[in-house]
Amino acid sequence: MRILRITIDSITMIRGQLFLILLFPIALWAQGLDLIGETEELAITPVTATFKSNRIINGHSIEMVKQREFDFKISHRFGFVNQGFYDLFGLDNATVRIGGDYGITDRINVGLGRSTVEKTYDGFIKLKLFQQMDSRGSTPISVVAVSTMGINSLRWTQPMRKNKFSDRLHYTHQLLIARKFSNGFSAQLTPTLVHRNLVDSADISNDVLAIGAGVRQKLSSRVTLNIEYFHVLTTAIQEGKTNALSVGFDIETGGH
């Protein structure tokens, strides 16, 4: 009887061990499901809406046009407010650029435009290099590169000299470095290099180095205040020109 009892106890122990062995993979599988759910909740996500538009005011922002979308803009730049009522506080001296941005992909945009300033035609390519991620990510900033070529189509001021088409060209290269610090505040730095193939005299540099800065402050769910400033780092500012300071508002009009 004692041997039989031992045998029964042994069989019971073996069954218990087999039960635990069979239960262990099921427990691991269930734990895996919990980990998958936890991983989905902790997934690192890209930061969006650093700025409301792909322009801060005059200059590019790090925002891109989505793939296969076309963003058409008619931009007006007015004269000086202090010119008074005679020029309707600068409205009579408006210049216009008509152009559009197209998204080849979400990270590659191209654009074409035409401005009344020197009757300039321009084209650019815009590449997103880095995308800011949320606080758990390893990318604290967004970085975008923009290269633009402009063509001055004015009639030659000196038609008797040997003029070349390349003399009409100028190039702008920019690196846009931005961070969204909170839901309401974003900032961007824009190192800029401008190269002009032809300048008015040997005393004027063909290259212009500048640094731009822009900020966005959310005022309400539909309105933001934007400030943008470009400072020329060299002595390349022509007489009568100043560094550009711009203040503007973005107003989201919903279904308008």
For residues 174-181, tabulate all N or O donor-acceptor pairs below 3.5 Å that involve a side-chain atom, not counting sequence neighbours.
| residue | atom | partner | partner atom | Å |
| --- | --- | --- | --- | --- |
| Gln174 | NE2 | Thr192 | OG1 | 3.1 |
| Arg179 | NH1 | Pro140 | O | 2.5 |
| Lys180 | NZ | Thr48 | O | 2.9 |
| Lys180 | NZ | Ala49 | O | 3.4 |

Are there over 12 heavy-atom neighbours, none belonging to Lys119, within less than 6.0 Å of that residue's NZ? no

Distance from Asp167 atom CG to Leu198 atom CG, nearest 0.5 Å? 4.5 Å

About how many Å separate CD1 of Ile62 and OG of Ser142, when rounded to the nearest 0.5 Å? 4.0 Å

Count the heavy atoms of every other residue, nucleotide or ligand shown that sit under 6.0 Å from CZ of Arg68, and state whether that count exceeds 12. no

Under 4.5 Å between side-chain heavy atoms, hopping through other hydrophobics if needed: is there a path connecting Leu245 to Ile211? no

Ignoring hydrogens, what is the shortest heavy-atom contact between Ile227 and Ile56? Give both atom names and the distance. O-CG2, 4.4 Å

What I want to find out is whether Asp101 reaches Arg55 closely enough, with some N-O distance under 4.0 Å, to be called a salt bridge. yes

Crowding at CZ, Phe70 (>12 non-hydrogen neighbours, <6.0 Å): yes

For Phe124, enumerate each residue passing the ring pair (Phe, Tyr, Trp, His ring centres under 6.0 Å) test, keeping only those at least two apart in sequence or located in another chain. His60

What closest approach, in Å, do Phe51 and Ser186 show between heavy atoms, and which atom pair accounts for it? CZ-CB, 4.3 Å

Between Gln131 (side chain only) and Val47 (backbone N and O only), is there a donor and an acceptor less than 3.5 Å apart? yes

Is there a continuous path of hydrophobic side-chain contacts, each under 4.5 Å between heavy atoms, that joins Val117 to Trp156? no

Can you tell me how far OG of Ser220 sits from CD of Glu252, rounded to the nearest 0.5 angstrom? 9.5 Å

Considering only heavy atoms from C-beta outward, does the side chain of Thr95 approach that of His76 to under 4.5 Å? no

Within this structure, what is the CD1-CE distance for the pair Ile151 and Met149, rounded to the nearest 0.5 Å? 4.5 Å

Nearest-0.5 Å distance that lies between atom CG in Asn109 and atom NZ in Lys66: 10.0 Å

Under the criterion side-chain contact (heavy atoms from CB on, under 4.5 Å), I'd like the reasoning laid out for Asn54 against Lys73: C-alpha separation, chi angles, the key distance, then a yes or no. CA-CA 11 Å; Asn54 50 24; Lys73 283 184 172 64; 2.7 Å; yes

Grab the two heavy atoms, one from Ser61 and one from Ser53, that are nearest each other, plus how far apart they are. OG-O, 2.6 Å

For a quick test of your reading: what N or O donor-acceptor pairs under 3.5 Å do the side chains of residues 85-92 make, sequence neighbours left out?
none

Quick one: does Leu154's side chain get under 4.5 Å of Glu118's, heavy atoms only? yes

Can Asp250 and Asn226 be said to form a side-chain contact (heavy atoms from CB on, under 4.5 Å), step by step? CA-CA 7 Å; Asp250 282 336; Asn226 297 340; 2.8 Å; yes

Should Asn58 and Glu228 count as side-chain neighbours, where that means a heavy-atom distance under 4.5 Å? yes

Would you mind reporting whether Val144 and Lys126 have side-chain heavy atoms less than 4.5 Å apart? yes

Quick one, Val232 and Asn243 - any side-chain contact, counting heavy atoms below 4.5 Å? yes

We want to know whether Lys164 and Asn197 form a side-chain donor-acceptor pair, criterion being a heavy-atom distance below 3.5 angstrom. no

I'd like to know if the side chain of Asn206 reaches the main chain of Arg196, judged simply by a donor and an acceptor atom lying under 3.5 Å from each other, with no hydrogens or angles considered. yes

Report whether Phe230 and Leu189 are members of the same hydrophobic cluster (ILVMFWY, side-chain heavy atoms less than 4.5 Å apart, transitive linking). no

Do Thr190 and Gln188 have side-chain atoms, one donor and one acceptor, less than 3.5 Å apart? yes

Would you check if Thr50 and Glu63 make a side-chain contact, meaning some heavy-atom pair closer than 4.5 Å? yes

Please tell me whether Tyr102 and Ile98 are part of a single hydrophobic cluster in this structure, the criterion being side-chain heavy atoms less than 4.5 Å apart. yes

Are the side chain of Thr120 and the backbone of Asn152 linked by a donor-acceptor contact shorter than 3.5 Å? no

Under 3.5 Å side-chain donor-acceptor pair for Tyr171 and His173: no

Rounded distance [0.5 Å steps], OG in Ser147 versus CG in Leu127: 7.5 Å

Are Asp207 and His195 linked by a side-chain donor-acceptor pair shorter than 3.5 Å? yes

Donor-acceptor pair between Gln83 and Asn93 side chains, under 3.5 angstrom: yes

Are the side chains of Leu193 and Val208 in contact, using a 4.5 Å heavy-atom criterion? no

Salt bridge flag under 4.0 Å for residues Asp122 and Arg97: yes

Please tell me if the side chains of Val247 and Leu225 come closer than 4.5 Å, counting only heavy atoms from C-beta onward. yes

